[in-house]
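Here's the structure, in structure tokens; my notes come after.
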Amino acid sequence: MAASLRLILGDQLTLSLPILQQANKQHDVILLAEVKEEATYVKHHKKKLVLLFSAMRHFAQTLKDEGYRVCYREYGDEDNQGSLLNEVKRCLQENEALTQVVVTEPGEYRLLKSMQQWSSQLDTPVEISEDPRFYASVDDFKEWAKDRKSLRMEFFYREMRKKHQILMEQGEPAGGKWNYDASNRKAMPANVHPPEPTRFSPDTVTKEVISLVETEFSDHFGDIGAFHYAVTRDQALQVLNEFIEQRLPDFGKYQDAMRHNMPWLFHSHISFYLNCGLLSAREVVQQAEAAWYAGEAPLNSVEGFIRQILGWREYVRGFYWHSMPQLQSDNYFNAKRDLPEFFWTGHTNMNCLRQCIQDTKHHAYAHHIQRLMVIGNFSLLCELAPEQVQKWYLLVYADAYEWVELPNVAGMILYADGGNLASKPYISSGSYINKMSDYCKNCGYSVSKKTGDKACPFNYLYWRFLDAHHTKLKDNPRMGLVYKSYEKMSQQKIDTIRRDGAAFLTKLSKNEEV
Ligand code: FAD
Ligand code: DLZ
Ligand code: SF4
């Protein structure tokens, strides 16, 4: 009987994967490998490395407990081969009975392209099996996208609700509406105190990984201290359960709120675990839906939360495979500015950016609106080079893999694809940030000032951007109102905005303090 080598990647830590279910426990070998190539193709945040290596080691133990034959390569093994291909090669050489390689399709294009060459490089058949952990397969999305002029998430999401009968009642959306955002997205009053996030003390395995990462990856971005993330399925389930009980009821209402030194708020903090396989999208959606049916969480929160997973998460994954490799090099606004130094240090007088970058540095996490309307908004308004912004987002967040990071960055925040993903650029002046956060109170700039040295830079950068890209944006129906206001501006005001914008951008390009 032909025995197989079955490779499990660091973000495929799921017992129900077909390549595990179909394995012959007696003959097949399951390989997991910590390798330099994956750990350094971007300089991942230290906490992301700890999370993945520790979760991989715990998962390998689970596999052994389940009776699988496991080959595990630790990063520090003297003879570690440094790449997945070379680890596979060595494993085949050491086990002559293994006559084929089986993998689950990876989440990144670069790795899929590489794996498609493995068969000839190894001189052994390599089977790439579909990843069934998503509601929509890559082909399902392609089929949905075929012949459509615009690929809006909202329509995809409605199809998904119908197809999978989620929050549906007699063919209609539960409660009569597809979307309850009118009840969501409130600012969070100062007297609201979100529950503490679920935290775990590092066990022996995690402590070993922490010291490995401290030694081997000391030049990577981010703080390693106070690591408290889940590294096993049981722990990840605890994170999910505590979210459903404690935070889901208020999730919708405060989904867009931002607060000084508080990135966790009423968010779920499960993207780390969904994306590496410790949790499944189906169980998360089912638990949230059940909480509504049980009367434990209101529909505006449950629908809003389910939309993030059944809608956005599924949609961006389909969009990624539909748009690659073009998406990587799209640059609709021809943006070229280098990433400012403070993206790495957080040292800026703009308090909103300082807060969001510091949260990112401490936790390898920032919530959606921090990523979108603060750091993303700034990146677009300042015309930062898409390639550099993409790389930054891919390495700083512990939930980042290109399939989910790139559509969010190139499509959602940078509009680099010219509007395939977003119907208009997500840009705003300082007033949005002021409305949704307490950041402006402690800022070196004044959000109420529109121009001049002390003015909030978002205020004039916003109008400068609209002015500079007038030709490309003016016919967008969703920009009509804003361009009406722009057209009413006096020439003197436009000149001031141009002057302040240019001065700020020059400082930014020179890495001077802003
Ligand atoms: P919650 O706010 O509790 O949301 C629940 C879940 O919904 C998340 O765990 C996530 O799985 C899903 N979700 C929500 N929004 C999105 C979205 N836009 N795309 C895909 N899934 C979504 N998410 C990642 O998982 N990895 C990334 O690399 C990533 N990069 C992003 C980059 C930018 C510029 C932006 C604007 C968003 C990005 N997101 C990314 C989406 C979102 O910010 C994170 O999923 C979310 O902040 C994770 O925290 P949470 O688990 O507490 O999410
Ligand atoms: C992100 C990551 C890191 C840091 N290290 C490893 C590793 O050492 N071994 C491994 O199998 N996977 C790792 N991963 C996850 C892969 O990069 C991920 O599978 C691909 O990017 C595809 O999503
Ligand atoms: Fe950010 Fe402007 Fe508010 Fe300062 S004033 S925190 S720069 S939005």
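Being a predicted model, the structure only gives us computed values, none of them experimental. When a ligand or atom number is given, it counts from 1 through the structure's own listing order. In what follows, residues are counted from 1 in the order of the sequence shown.
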Pair Asp79 + Arg90: basic N to acidic O under 4.0 Å: yes
Ion pair Arg73/Glu38, N-O distance below 4.0 Å: no
Protein heavy-atom partner closest to atom 48 (C) of ligand 1 - residue, atom, separation in Å: Ser271 OG, 3.2 Å
Distance-only side-chain donor-acceptor flag, Asn184 / Asn300, under 3.5 Å: yes
Side chain, backbone, both or neither: Phe305 near ligand 1, heavy atoms under 4.0 Å: side chain
Residue, atom name and distance, where the atom is the protein heavy atom closest to atom 30 (N) of ligand 1: Arg371 NH1, 3.5 Å
Numbered atoms of ligand 1 (with element) below 4.0 Å of Met412, judged on heavy atoms: 18 (N)
Ligand-residue contact atoms, ligand 1 with Leu274, heavy atoms, under 4.0 Å: 11 (O)
Residue, atom name and distance, where the atom is the protein heavy atom closest to atom 4 (Fe) of ligand 3: Cys443 SG, 2.3 Å
Note: Asp181-Arg307 ion pair, threshold 4.0 Å (strictly below): yes
Identity and separation of the nearest protein heavy atom to atom 16 (C) of ligand 1: Trp312 CB, 3.9 Å
Asp250/Lys253 ion pair, N-O < 4.0 Å: yes
Charged N-O contact under 4.0 Å between Arg371 and Glu405: no
Contact flag Cys440/atom 1 (Fe) of ligand 3, N/O/S atoms, threshold under 2.8 Å: no
Distance-only donor-acceptor check, side chains Thr198 and Gln238, under 3.5 Å: no
Part of Tyr393 within contact of ligand 1 (heavy atoms, under 4.0 Å): side chain
Ligand-residue contact atoms, ligand 1 with Leu372, heavy atoms, under 4.0 Å: 36 (C)
Are any protein N/O atoms closer than 3.5 Å to the N/O atoms of ligand 2? If there are, list each pair with names and the distance to one decimal place.
from     : atom 1 : to     : atom 2 : distance (Å)
ligand 2 : 8 (O)  : Ala33  : O      : 3.4
ligand 2 : 8 (O)  : Val35  : N      : 2.8
ligand 2 : 9 (N)  : Ala33  : O      : 2.7
ligand 2 : 11 (O) : Gly10  : N      : 3.1
ligand 2 : 12 (N) : Gly10  : N      : 3.2
ligand 2 : 17 (O) : Glu38  : OE1    : 2.6
ligand 2 : 19 (O) : Asp11  : OD1    : 2.6
ligand 2 : 19 (O) : Asp11  : OD2    : 3.4
ligand 2 : 21 (O) : Glu108 : OE1    : 3.3
ligand 2 : 21 (O) : Glu108 : OE2    : 3.4
ligand 2 : 21 (O) : Arg110 : NH2    : 3.1
ligand 2 : 23 (O) : Asp11  : OD2    : 2.6
ligand 2 : 23 (O) : Gly107 : N      : 3.3

His269 N/O to ligand 1 N/O under 3.5 Å: yes
Shortest protein heavy-atom distance from atom 7 (O) of ligand 1, along with the residue and atom involved: Gln308 CB, 3.1 Å
Part of Asp399 within contact of ligand 1 (heavy atoms, under 4.0 Å): both
Ion pair check, Asp359 and Arg354, cut-off under 4.0 Å: no
Plane angle bin for Tyr75 and Phe217 - parallel if under 30°, tilted between 30 and 60°, otherwise perpendicular: tilted
Which residue and heavy atom of the protein sit nearest atom 2 (Fe) of ligand 3, plus the separation: Cys456 SG, 2.3 Å
Atoms of ligand 1, numbered as shown, that sit under 4.0 Å from any heavy atom of Glu405: 28 (O)
Distance from atom 6 (C) of ligand 1 to nearest protein heavy atom, with residue and atom: Ile309 CG1, 3.6 Å
Aromatic plane relationship, His44 with Tyr41 - under 30° parallel, 30 to 60° tilted, over 60° perpendicular: perpendicular
Within the 6.0 Å centroid threshold, strictly below: Phe221 and His45: yes
Donor on one side chain, acceptor on other, Glu387 and Gln328, under 3.5 Å: no
His367 and ligand 1 - part of the residue with a heavy-atom distance under 4.0 Å: backbone
Sidechain N-carboxylate O distance under 4.0 Å for Arg152, Glu154: no
Metal check, atom 4 (Fe) of ligand 3 vs Cys352 N/O/S, cut-off below 2.8 Å: no
Cationic N near anionic O, under 4.0 Å, Glu513 to Lys507: no
Basic-acidic side-chain contact under 4.0 Å: Arg317, Glu314: no
Protein contact of atom 47 (O) of ligand 1 - nearest heavy atom, named by residue and atom, plus distance: His368 N, 3.4 Å
Charged N-O contact under 4.0 Å between Lys46 and Asp223: no
Ligand 1 contact on Ile413 by region, counting heavy-atom pairs under 4.0 Å: side chain
Which of the ligand 1 atoms, numbered from 1, are nearer than 4.0 Å to a heavy atom of Phe251: 1 (P), 2 (O), 3 (O)
Short side-chain donor-acceptor distance under 3.5 Å, Gln308 and Tyr157: no
Proximity of Phe243 to ligand 1 by residue part, where a heavy atom lies under 4.0 Å: neither
Salt bridge present between Glu34 and Arg57 (N-O < 4.0 angstrom): yes
Pair Thr104-Asp131, side-chain donor/acceptor within less than 3.5 Å: no
Residue Tyr445 vicinity, atoms of ligand 3 by number, heavy atom under 4.0 Å: 5 (S)
Atom 53 (O) of ligand 1 [closest protein heavy-atom partner, distance rounded to 0.1 Å]: Ser268 OG, 3.9 Å
Per-atom contacts of ligand 3 with Val447, taking only distances under 4.0 Å to non-hydrogen atoms: 5 (S)
Under-4.0 Å heavy-atom contact with ligand 1, by part of Ala366 that carries it: backbone
Location of contacts on Asn275 toward ligand 1, heavy atoms closer than 4.0 Å: side chain
Mutual orientation of the aromatic rings belonging to Phe343 and Phe378 [parallel < 30°, tilted 30-60°, perpendicular > 60°]: tilted
Atom 28 (O) of ligand 1 [closest protein heavy-atom partner, distance rounded to 0.1 Å]: Ala400 CA, 3.1 Å
